[in-house]
Amino acid sequence: MNKAYSSQEIEQKIYQLWEEGGFFEPQGTGEPYCIVMPPPNANEALHAGHAVFVTIEDALIRYHRMKGLKALWLPGADHAGFETQVVFEKKLEKQGKSRFDFDRETLFKMIWDYVQENKDVAKDQLKRLGASCDWSRAKFTLDPDIIKIVYGTFEQMHKDSLIYRGERVINWCPKHQTGFSELEVKYEDREDKLWYIRYDLKSPAASEGRHAPNPKSIVVATTRPETMLGDTAVAVNPKDKRYQDLIGATVRLPLTNREIPIVADEVVEMEFGTGAVKVTPAHDQSDFEISQRHDLPLITVVGKTAKMTEEAGRDYAGLKVEEARTKIVADLKAQGFLEKEEPYKHSVGVCYKCGRTIEPLVSKQWFVKIAPLAEKAIAAVKKGEAKFTSSKYERIFMHWMNNIRDWNISRQIVWGIRIPVWYCNQDKTCYVISDKKPDKCQKCGATEFVAEEDTFDTWFSSGQWPFATLQTTKEGDFEAFYPTSVMETGWDILFFWVARMLMLGLYRTGQVPFKNIYMHGLVRDKDKQKMSKSKGNVINPLAVVDGYGADALRMSLVFGSSNESDIVLSEDKIIAHRKFANKIWNASRFTLSQLEDSSADEFNPTQIKPKYTQEDEWILEELKKTAKEVTQNLEKYKFHEAAQAIYHFFWHSFCDRCIEDAKKRIYEPSSKEDKQTAQLVLWTVLYDSLKLLHPFMPFITEEIYQKLPSRPKKALIIEDWPSKI
RNA sequence: GGGCGCGUAGCUCAGUUGGCUAGAGCGUUUGAUUCACAUUCAAAAGGUCAGAGGUUCAAGUCCUCUCGCGCCCACCA
C-alpha cells in the first residue's frame, strides 16, 4: 500500500469492480427499497447540487443494500425542455442565428443531436461521484415508452375534465417567445412611476336625488399607462362612497375617445391610488378576472414581441412598450389628461432565465384544473402516506397547495413532448387527442388536421417520473418498488416537481409516488453566498473529485449541515476530509501490516480464542455504540450525525487509543494470546468501521476491504450492515 | 400584505421528546513526535446559547414580545 492515500489511482478501478459484479442491481429477496433519482439534465455537466443528491441518495441506497434490502436506485436523464432549449438558443446566437430561422422539426432534430453529443457527460460524472445506481434501468424523459405514458395521462385527464384549453392571461417572455407558469416568473423591485390619468365622463351617472356633487371625471392610477389603449372599463370598489354615483356611468378613454363603462368590483382596493382602477383585461391577470365577471371585451394592445399592436392605434402600433409608455405620457400631458405622477416602488415580473419583463398576455393555452388533484395530495400528506422528514417543508408545501392555481402546461417551445392534440379546423374549436395523426374526427367528421405545436411544460412529464420509469424498466418493477421509499431532491423544486409528482402520481396510480420526502438545501460557498458563474465562486464537483477524491467531497457535503438547510462547501472543509481519508488509509495500512506479519500462522479471526483486556472491551463497546448511533441517525435521515459519529469513533477511539494500545501488545507481546487478541480487535474494529463508513466514503473503504484478510464477501458494497438497530 | 425559517466558540454549524461541568470541524496558542499518518499526538484558550419577560424543581431547548438576518408566497393596479 502507498504511504498516502491516492484517490486517483483507485476510484475508477473500484467503480468498475462494482459494476462488473452487478452489485447495483437489486439483489436477493429482501424488502424492496427504491429511490428514483432526480434526473440531471441530459446536456449538462453536474454542479455541486448534483453532488449533494448523489451523496445522500447513494448513502441511503448503500446503507439499505447492506441491510439486506432489495435496493434499487433508478437513474435517468431529463430533456429539461425550456432549460435545454435556452442553452441551445445561446449557441445559435453565437453563430448569429435564432431558433426562429428553423422550422419545428429541424430545430427539434438539431437539439436532439446536441443532447446526444452530451448525454454521457452527466452519466460519467455520476459514476465518478460513486453513484451506485442501476444503469441497466436508466431512463430518459423522451424515451418513447415514457412519452406514451405521459400521453395516456393527458388523455385520461382530459376525459376526467381535468384538462381544458382556455383563454387566460399568461406570463409571456418576449425574448423566449413562450408562456410560463407562475412559478417560472421571478419578481424584481423597481423604482417606477405611478401616473394619475383623468378619464372624463361621457354622461353623468344616474344619480338623481343624491346630494353628492355631480363629478365630471374619474382619475385612475397606473404604472402602465401604455396599456390604457386596451382599457375596457374603469373599476371601483362597490363600497367606495366616493364613487357610488359613478357606477354604471360611461367614460371616454383619453386619446381614443372610446367609450367604456365604470363597473364595481370587490377586488379594487379603496386605499390604493384614487380607488379607481383602469381595467385592461388583455394585459393583467386581475383585470382579466374583472372582465370575466362583468362581461367586458378584450383588446390586445401589446403583442408577443412586446411591441404595440395594430389595435393600439396608428400612433402607437409598432412601438416598443417602453417607447409607447413615454409617448402616451407625453400625449396625455399635452392634452391635459395627466393629473399627476409620483415615484413608486413595486415589483415587476421578469423571466427567470433572461430577466426580461414578463408581458401578461391573453392567449389560448392548455391548463390543468388543479384543485381536485391538490386536494388528494394534501390528504395523502395529512394521512402520512407521504411524510416530509422535515416539518418546515411540510408547512411550506401545505401553504402552497392550499393556494394553488390552475397550471398552464403548454409551452411555445419545440424541445419537449408535443401536446398530442390535432385540431379539426382553423379556429381550433374541435380537436382529437391522439399520439399519431388521426384518420377521422369522431365528433365533426374532419379528416384533415392541424397539429398542436405547443409542447408540455417539462414538469408535466417529469411529474410522472416515478411511476412512468418503474412501469417501463423491467417486468415487475412497478409492483415491487412503487410507491418508492423516498424522494430526495433540492427544496428549490418542491413546488415544481415534488408537488406535481404527488398530484400526478396519486391521480394515475391511486398511490403516493414516494413514502418519504427529504429536501436538501442549496450549496453555498464559505461566505454563504449562492454559487453562480457570474460571482466566480462555483465549486465544480468533478474538479474536487480530481483533486481530492470523491470520498472527501461526499464527506464534506454531509458534514456539518443538517435540518435539510443550506450546505456550506469550502476548500478547507474538503481538505479536512481528504485528511480523514488519509487517516483511514494509514490506520488500515498499519492494521493490515500487523495482521500480515504474524507469519507463524495465517491470521484467521475465527481461529482465535480471544482474551479481552479492559481496553479491548472498551473499544468493542464503543464500536457497538457507534454502529447503533450511525444506524439510528441514518434511519432518521440525520446524515451529518451519522457521519460525525463514525468519524469521531474512527479517528479518536480506534486510531488514538485502540491502535496505540495494540502497538505495545504486538511489538512486545506479553503472551501469544494477548498478541492475537490485539490483532483480532484491530481486525474486528477495522472491519466494522469500513462498513459503517462505506455509505459515505465508498471508494476508499472498498479498496481497503479488498485487501482485508479473511473478508467474507466479494465486496464491501454487499457486506452485512453491522447493527440491527 | 401573508407565510416559513434563522440568530449557539474567531469561522461553518450540531445539540433528538426541556434534565449531569453546552459539542464537532476548521482556525488560534503551547508542548511532544516523525516509531501507520503530504503528518500525527497531548493539552489549552475561546460561549451571560441575539435581547427582555414568562412557564417549570430544571430552558440553548416551551410561550410572549423586541431587535437583526434570510427565504417563500401574493391579482402592490
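In what follows, chains carry the letters A, B, and so on, assigned in the order in which the sequence lines appear, proteins first and then strands, with residues in each chain numbered from 1.
If you check distances only, the side chain of A:K583 never reaches the base of B:rU40 with a donor-acceptor pair under 3.5 Å. Donor-acceptor pairing under 3.5 Å, judged by distance alone, is present between the side chain of A:K663 and the base of B:rA36.
Using a 4.0 Å heavy-atom cutoff across all strands shown, A:S347 reaches at least one base atom of the nucleic acid. Residue-level contact check: A:W651 touches the backbone only, with heavy atoms under 4.0 Å from sugar-phosphate atoms and none from bases. Backbone-only contact: A:E641 has heavy atoms under 4.0 Å from sugar-phosphate atoms and none from a base. Here A:R190 lies out of heavy-atom contact (under 4.0 Å) with every strand. Contact annotation for A:I659: base contact, defined as any heavy-atom pair under 4.0 Å involving a base atom. Counting any heavy atom pair closer than 4.0 Å across all strands shown, A:H652 reaches sugar-phosphate atoms only and no base atom. Nucleic acid contact class of A:A4 (heavy atoms, under 4.0 Å, all strands): base. In this structure, A:Q644 reaches the sugar-phosphate backbone alone: every heavy-atom distance under 4.0 Å involves primed, P, OP1 or OP2 atoms, never a base. Note on A:Y667: only backbone sugar-phosphate atoms sit closer than 4.0 angstrom, heavy atoms only; bases stay farther off.
Aromatic ring centroids of A:F696 and A:F580 lie 6.0 Å or more apart.
Between A:H346 and the phosphate of B:rA77, there is a side-chain N or O to OP1/OP2 separation shorter than 4.0 Å.
Comparing B:rU8 with B:rG25, their C1' atoms sit 15 Å apart, to the nearest whole Å.
Remark on RNA chain B: of its neighbouring residues A:N633 and A:R524, the 5'-side contact belongs to A:N633, judged by nearest-heavy-atom nucleotide.
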